[in-house]
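By convention here, the first residue in the shown sequence is residue 1. All values reported here derive from a predicted model rather than from experimental measurement. Hydrogens, waters and symmetry mates play no part in the numbers below; they use all other heavy atoms, side chains included.
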Amino acid sequence: MLVALGISLWQKLGLDRDIVIGVARACCTTIYRGLLAKVYFPSQQFLANAGDDGLHYLQCGLECEKTGAGD
């Protein structure tokens, strides 16, 4: 994220706000899903898998921000 943000600022692409919003949304979603998983599925393995899913959603969110998908 920091590299993408740095390149956006360096090249004056104007994506810095979108990148920050995407990261914030992904973090909130990951935390929310993690808390729900902890309540409903207290197994350690499930929490590890939920973290992997959170990273996947973060990557998808960044790709959508880059391509403009979902607008």
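- In this structure, CD1 on I21 lies 11.5 Å from CG on L15, to the nearest 0.5 angstrom.
- Between S8 and G14 the shortest heavy-atom distance is OG-N, 4.0 Å.
- Between atom CD1 of residue I7 and atom CD1 of residue I19 there is a gap of 9.0 Å, rounded to the nearest 0.5 Å.
- The structure places CG of L9 at 5.0 Å from CG of D16, a figure rounded to the nearest 0.5 Å.
- Counting only distance, with no hydrogens or angles, the side chain of T29 and the backbone of R25 share a donor-acceptor pair below 3.5 Å.
- I31 and V20 are not part of a single hydrophobic cluster, where members link through side-chain heavy atoms under 4.5 Å apart.
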